[in-house]
Amino acid sequence: MADREAIRRVAKILARATSSEPEEASTALNGAYKRMVRDGVTLQDLLSLPVAELYQNTLVRLAEVIIADTPDLSPSERREAYSAYLVRIVGKF
């Protein structure tokens with residue numbers, strides 16, 4: 001598990017992805033993902049935070065970014081990975 005402060009930093013960046021401005025939301029989502037990769041934060045790490053610090057819709061979008069950045073998955077593996085992410089996200093909320 002990544003350091004708690006790194007997890008919270010990613011969550012704060014991800015919270016900006018709820019912006020009503022599409023460009024700002026997209027920039028925040030991609031920035032959060034880059035920070036995750038850099039700091040070794042996983043989706044499971046993010047889900048360890050209290051629900052009050054998370055936004056379900058941005059976590060779903062983040063799962064899409066993670067899957068898109070994993071090009072070596074076959075179509076059926078993509079579906080399975082995406083489904084597994086969604087199960088974890090929904091389980092949190």
Worksheet entry | Listed partners of L29 passing side chain to side chain contact (heavy atoms under 4.5 Å, CB included), at least two apart | L14, A17, R61, L62, V65
Worksheet item: What are the two closest heavy atoms between I89 and A63, and how far apart are they?
Response: CD1-CB, 4.4 Å
Fill in: Heavy atoms of other groups near Y55 OH, more than 12 under 6.0 Å
no
Worksheet entry | Common cluster, F93/V10, ILVMFWY with side-chain heavy-atom separation under 4.5 Å | yes
Discussion item. Are the side chains of R16 and T27 in contact, using a 4.5 Å heavy-atom criterion?
Written reply: no
Discussion item. Whether the D45 and S48 side chains hold a donor-acceptor pair (N or O, under 3.5 Å, no angle test) is what I'd like checked.
Written reply: no
Worksheet, complete the sentence: In terms of heavy-atom contacts, A2 and V41 come closest through CB-CG2, 3.7 Å
Discussion item. Please report the interatomic distance CG(L46) to OG1(T58), rounded to the nearest 0.5 Å.
Written reply: 9.0 Å
Worksheet entry | Hphob cluster co-occupancy, L54 + V90, side-chain heavy atoms under 4.5 angstrom | no
Fill in: Any R4 side-chain heavy atom under 4.5 Å of L49 side chain
yes
Worksheet item: What heavy-atom pair brings P71 and R78 nearest, and what distance separates the two atoms?
Response: CA-NH2, 3.5 Å
Fill in: Crowding at CD, E5 (>12 non-hydrogen neighbours, <6.0 Å)
yes
Worksheet, complete the sentence: CD of E80 to OG of S76, rounded to nearest 0.5 Å, is 5.5 Å
Discussion item. How long is the straight-line distance from CD of Q56 back to OG1 of T18, given to the nearest 0.5 Å?
Written reply: 13.5 Å
Fill in: CZ-CZ distance between R9 and R35, expressed to the nearest 0.5 angstrom
4.5 Å
Fill in: Exercise: identify the closest heavy-atom pair between L47 and K92
O-NZ, 2.8 Å
Worksheet item: Should I67 and V87 be counted in the same cluster of Ile, Leu, Val, Met, Phe, Trp and Tyr side chains packed under 4.5 Å apart?
Response: no
Practice prompt. Kindly give the heavy-atom pair with the smallest separation between I66 and M36, and that separation in Å.
Written response: CD1-CE, 4.2 Å
Practice prompt. Following the transitive rule for hydrophobic clusters with a side-chain heavy-atom cut-off under 4.5 Å over Ile, Leu, Val, Met, Phe, Trp and Tyr, establish whether I7 and I13 coincide in one cluster.
Written response: no
